[in-house]
Amino acid sequence: DAATVAGGAVQAAGTGAIIGVAGNSDRAAGAGYGALIGAGVGATAGMIAVLLTRGNEVQLLRGSALEMQLDRDLVFYGDELDFSASPSPLPLPTPAAAPVTPVRGNQNQRSGEIPLPRPLPGPF
C-alpha cells in the first residue's frame, strides 16, 4: 500500500515539476511548486487507489469458530427466529482418518499425534 501511494506521489511530482517549469518564468521556483503540488495530488490519487482496491480481508470457512463480545443487548423478535421454512443445512465434511500404526509400548497411539496437556483450559 505504501508503495502505491509513494509511486503515485513520485510520478505526479515529476509531472508537476515539468509543468511548473513551463508555466513560470522563474524555472527553479516553478519546478519546486509544481513538484510539491504534483506530489500531493499523486499521493492522494495513490491513497484513493489503495482504498478502492480493498478485497475481502477475512474468510470464514464453514465450521470456523468465532467469538464476540457484544457491548449491548442482542434482541430478536419471534418472527425473526422462525426457521421452519429454511432448508436443512448440508452436513459438514468428515475429516480424513489418520492412518493408525502400532507403536511399541502403546498400541492405541496414532502416528504424528501430539498429546494434549491435562486439564484442558475451559470452556472445552
Side-chain angles (χ1 to χ4, degrees):
D1 293 349
T4 302
V5 174
V10 168
Q11 289 177 351
T15 304
I18 293 169
I19 293 171
V21 167
N24 196 335
S25 60
D26 183 5
R27 292 180 188 264
Y33 291 135
L36 185 63
I37 293 170
V41 170
T44 303
M47 181 62 71
I48 290 171
V50 166
L51 294 176
L52 290 178
T53 57
R54 288 282 182 203
N56 295 335
E57 298 293 325
V58 176
Q59 186 179 35
L60 293 176
L61 301 176
R62 185 175 189 179
S64 298
L66 179 68
E67 291 186 29
M68 294 183 211
Q69 184 172 0
L70 303 176
D71 61 351
R72 61 184 69 101
D73 291 337
L74 187 60
V75 178
F76 292 101
Y77 298 102
D79 60 337
E80 295 174 327
L81 298 176
D82 181 21
F83 299 110
S84 61
S86 299
S88 60
L90 297 174
L92 291 173
T94 57
V100 177
T101 56
V103 177
R104 187 172 297 168
N106 185 352
Q107 297 296 325
N108 296 327
Q109 185 178 11
R110 293 183 181 150
S111 65
E113 184 175 82
I114 300 172
L116 294 175
R118 298 286 185 222
L120 291 175
F124 304 107

- [ ] List, by chain and number, the other hydrophobic cluster members for Ile48, where Ile, Leu, Val, Met, Phe, Trp and Tyr join if side-chain heavy atoms come within less than 4.5 Å, directly or indirectly.
- [x] Leu52
TODO: Report the hydrophobic cluster partners of Ile37, with the cluster defined as I, L, V, M, F, W, Y residues connected by side-chain heavy atoms closer than 4.5 angstrom, directly or transitively.
DONE: Val41
Open item on the list: Do Thr4 and Met47 have side chains that approach each other closer than 4.5 Å (heavy atoms only, starting at C-beta)?
Closed with: no
Task: Heavy-atom pair of closest approach, residues Gly38 and Ala12 - done: O-CB, 2.8 Å
Open item on the list: Between Leu70 and Phe76, is there shared hydrophobic-cluster membership here, with clusters defined by ILVMFWY side-chain heavy atoms closer than 4.5 Å?
Closed with: yes
